[in-house]
Each structure stands twice: as C-alpha cells, then as structure tokens.
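Down below is the structure, laid out as structure tokens.
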Amino acid sequence: RSLDGKLDVETLLESDLDFYFGGEYGGQLLTQHLKAKQFIIYSNEEIKKIAQTLKLVPDEDGNIELCYKFWSDAIELESPKAAPKLVIYADLVNTGNNRNIETAEIIRKNGL
C-alpha cells in the first residue's frame with residue numbers, strides 16, 4: 001500500500017512498532033551508499049496503526065510503501081531494522097533505477 005508524508009525515521013525507530021526497512025533505506029542501512037528517497041517498510045502490524053503513528057495518508061504516488069513481512073524470524077538479519085539482504089536486493093533491482101541497482105550490486109558482492 002502506498003502512502004505519503006514525510007517519513008520521520010526517528011519516530012519510527014522510537015515507536016513500539018515491529019517493522020523492517022527494505023528498498024532504498026534498507027540499502028542505506030547495509031551499505032551507507034544511498035540517501036533514501038523512497039521507503040519500503042515491512043511489518044505485520046496493522047497498516048492503520050503504522051499510518052497513524054507516522055501521520056501518513058494514502059497516496060498512489062506516495063514515497064512510502066507498506067508491505068507484509070513474509071520471511072521467517074529464523075533468518076539472521078544484517079541490521080536489526082533492515083529486512084533480509086535478499087529482500088533489499090530484490091527491492092532495489094525492481095526499481096530499475098541505476099543508483100539503486102548499483103547499491104544492489106554492492107550488497108550482492110558483499111555476500112548475498
């Protein structure tokens with residue numbers, strides 16, 4: 001689901017929400033190579049709860065995408081709030097954006 005608003009990462013990190021960053025911000029966490037403009041947040045929390053906490057509104061062209069967390073908790077994560085490397089890699093490649101693909105390649109080369 002696409003949402004819009006200025007994502008306050010600090011508010012999100014300080015919240016009691018269970019979530020993980022994929023996409024550009026996940027790539028930023030893993031490589032320090034990107035400055036995220038688009039955000040993918042994986043969570044099993046209710047979308048309404050996340051949207052209210054972050055003061056987001058539905059918008060088809062928004063810069064924040066909320067997705068259900070689909071991987072097992074048994075998967076070892078590189079960073080506590082980053083989705084698994086393979087998920088972030090796929091998110092980045094899927095954008096077709098050169099800077100994201102470059103970051104995906106850094107992730108791949110560093111042990112996907």
Side-chain angles (χ1 to χ4, degrees):
R1 178 167 220 191
S2 289
L3 299 168
D4 197 22
K6 180 162 176 29
L7 181 62
D8 183 348
V9 174
E10 290 305 316
T11 297
L12 183 54
L13 290 171
E14 292 171 3
S15 75
D16 64 347
L17 297 172
D18 184 30
F19 70 93
Y20 302 88
F21 286 107
E24 292 182 10
Y25 198 78
Q28 181 177 326
L29 289 173
L30 294 183
T31 68
Q32 304 302 310
H33 186 73
L34 273 179
K35 201 71 158 148
K37 294 179 184 174
Q38 301 289 325
F39 297 88
I40 299 176
I41 299 170
Y42 290 94
S43 180
N44 288 330
E45 300 274 2
E46 289 185 37
I47 289 174
K48 182 178 179 179
K49 182 177 178 182
I50 295 171
Q52 286 176 337
T53 299
L54 300 174
K55 298 177 178 76
L56 305 175
V57 294
D59 184 341
E60 288 297 317
D61 297 318
N63 67 331
I64 302 162
E65 185 177 351
L66 297 181
C67 300
Y68 288 103
K69 174 187 167 274
F70 58 88
W71 58 87
S72 164
D73 289 335
I75 293 176
E76 190 173 321
L77 301 176
E78 187 82 13
S79 173
K81 286 301 177 185
K85 285 182 181 182
L86 184 59
V87 172
I88 294 170
Y89 174 86
D91 288 344
L92 292 170
V93 169
N94 190 45
T95 66
N97 179 302
N98 287 339
R99 73 187 180 97
N100 290 348
I101 292 171
E102 184 178 311
T103 302
E105 283 304 304
I106 292 169
I107 292 169
R108 186 185 63 77
K109 288 177 184 174
N110 287 332
L112 183 56

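Scope of the values below: all heavy atoms of this structure, side chains included, with no hydrogens, waters or symmetry mates.
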For a quick test of reading the model, state the closest non-hydrogen atom pair linking [X] to [Y] and the distance between them.
X: Ile88; Y: Ala82; value: CD1-CB, 4.0 Å
X: Leu77; Y: Ala83; value: CD2-C, 4.0 Å
X: Cys67; Y: Ile40; value: SG-CG2, 4.0 Å

[X] side chain vs [Y] backbone, donor-acceptor pair below 3.5 Å:
X: Thr103; Y: Arg99; result: yes
X: Lys69; Y: Trp71; result: yes
X: Gln28; Y: Ala36; result: yes
X: Lys85; Y: Gly111; result: yes
X: Asp91; Y: Gly23; result: yes

Assess whether atom OH of Tyr68 is packed by more than 12 heavy atoms of other residues, nucleotides or ligands within 6.0 Å.
no

Looking at side-chain heavy atoms only, is the closest gap between Leu13 and Lys81 below 4.5 Å?
yes

Does some side-chain heavy atom of Asn63 sit less than 4.5 Å from a side-chain heavy atom of Lys37?
no

Are [X] and [Y] linked, directly or through other ILVMFWY residues, by side chains that come within less than 4.5 angstrom of each other?
X: Val87; Y: Leu34; result: no
X: Ile106; Y: Leu29; result: no
X: Val93; Y: Leu86; result: yes
X: Tyr25; Y: Tyr20; result: no

[atom2] on [Y] to [atom1] on [X], rounded to 0.5 Å:
X: Asn94; Y: Ile101; atom1: CG; atom2: CD1; answer: 9.5 Å
X: Ile47; Y: Lys49; atom1: CD1; atom2: NZ; answer: 13.5 Å
X: Leu30; Y: Tyr89; atom1: CG; atom2: OH; answer: 14.0 Å
X: Ile64; Y: Leu56; atom1: CD1; atom2: CG; answer: 4.5 Å
X: Asp18; Y: Tyr42; atom1: CG; atom2: OH; answer: 14.5 Å
X: Ile50; Y: Phe19; atom1: CD1; atom2: CZ; answer: 9.0 Å

Does the pair Glu65 and Ile41 meet the rule for a side-chain contact (heavy atoms from CB on, under 4.5 Å), with working shown?
CA-CA 6 Å; Glu65 185 177 351; Ile41 299 170; over 6 Å; no

Between Glu105 and Arg108, is there a side-chain N and carboxylate O pair less than 4.0 Å apart?
yes

